[in-house]
Amino acid sequence: MKIYIIDSFLGDSHKEWARSYKKFSAHQIEILGLSGHHWKWRMTGGAITLAEKFNQLNILPDLIIATDMVNIPLFKSLISPEYQKIPIVMYF
């Protein structure tokens, strides 16, 4: 299973969690995140940048895991139509 982890604030504990999940998972994990700075902006506007980056990847994962720092409705509204059916799980 190909899984993308997306995180608007990929710093410190978030980064460690994502790297550990990738290391110990039996699935193919990729991480797409923004630096761990300016957390207030990342929570509101980070989804815009992540959606732009995700659309440029031209990939079709089986699942997206988003952290609680991602505005999922905004992210989903901005990804390309062919990605709309990808399940998104929120991790808190």
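The figures here come from the full heavy-atom set of this structure, side chains too, leaving out hydrogens, waters and symmetry mates.
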Ignoring hydrogens, what is the shortest heavy-atom contact between [X] and [Y]? Give both atom names and the distance.
{"X": "Ile88", "Y": "Lys76", "value": "CD1-CD, 4.2 Å"}
{"X": "Asn71", "Y": "Leu74", "value": "OD1-N, 3.1 Å"}
{"X": "Pro87", "Y": "Leu63", "value": "O-CD1, 3.4 Å"}
{"X": "Glu82", "Y": "Leu60", "value": "O-CD1, 3.9 Å"}

Is it possible for you to say whether [X] and [Y] belong to one hydrophobic cluster, with membership spreading through side-chain heavy-atom contacts below 4.5 Å?
{"X": "Ile65", "Y": "Ile86", "answer": "no"}
{"X": "Tyr4", "Y": "Val89", "answer": "no"}
{"X": "Phe92", "Y": "Ile5", "answer": "no"}
{"X": "Ile48", "Y": "Leu57", "answer": "no"}

(message) Walk me through whether Ile3 and Ile64 qualify under side chain to side chain contact (heavy atoms under 4.5 Å, CB included).
(response) CA-CA 6 Å; Ile3 301 172; Ile64 295 171; over 6 Å; no
Apply side chain to side chain donor-acceptor pair (under 3.5 Å) to [X] and list each qualifying residue two or more places apart in sequence or on a separate chain.
{"X": "Ser20", "result": "Glu16"}
{"X": "Ser77", "result": "none"}
{"X": "Asp68", "result": "none"}
{"X": "Gln84", "result": "none"}

(message) Could you work out, with side chain to side chain contact (heavy atoms under 4.5 Å, CB included) as the rule, every residue matching Thr44, not counting sequence neighbours?
(response)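 Checked Thr44 against side chain to side chain contact (heavy atoms under 4.5 Å, CB included); zero matches.
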(request) Please list, chain by chain and in numerical order, all residues satisfying ring-ring contact (aromatic ring centres under 6.0 Å, His included) with Trp17, sequence neighbours excluded. (result)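 In terms of ring-ring contact (aromatic ring centres under 6.0 Å, His included), with neighbours along the sequence ignored, Trp17 is linked to Tyr21, Tyr91.
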(message) Give me each pair satisfying ring-ring contact (aromatic ring centres under 6.0 Å, His included) with a member in residues 56-85, each pair once, sequence neighbours excluded.
(response) Phe54-Phe75, Phe54-Tyr83
Could you give the side-chain donor-acceptor pairs of residues 26-33 under 3.5 Å, partners two or more places apart or in another chain?
none

(message) Test: side-chain hydrogen bond (donor to acceptor under 3.5 Å, both in side chains). Region: residues 49-64. Which pairs qualify, not counting sequence neighbours?
(response) Asn55-Ser80
Show me the donor-acceptor pairs within less than 3.5 Å that the side chains of residues 8-15 make with the rest of the protein, sequence neighbours left out.
from	atom 1	to	atom 2	distance (Å)
Ser8	OG	Met69	O	3.3
His14	ND1	Asp7	OD2	2.8

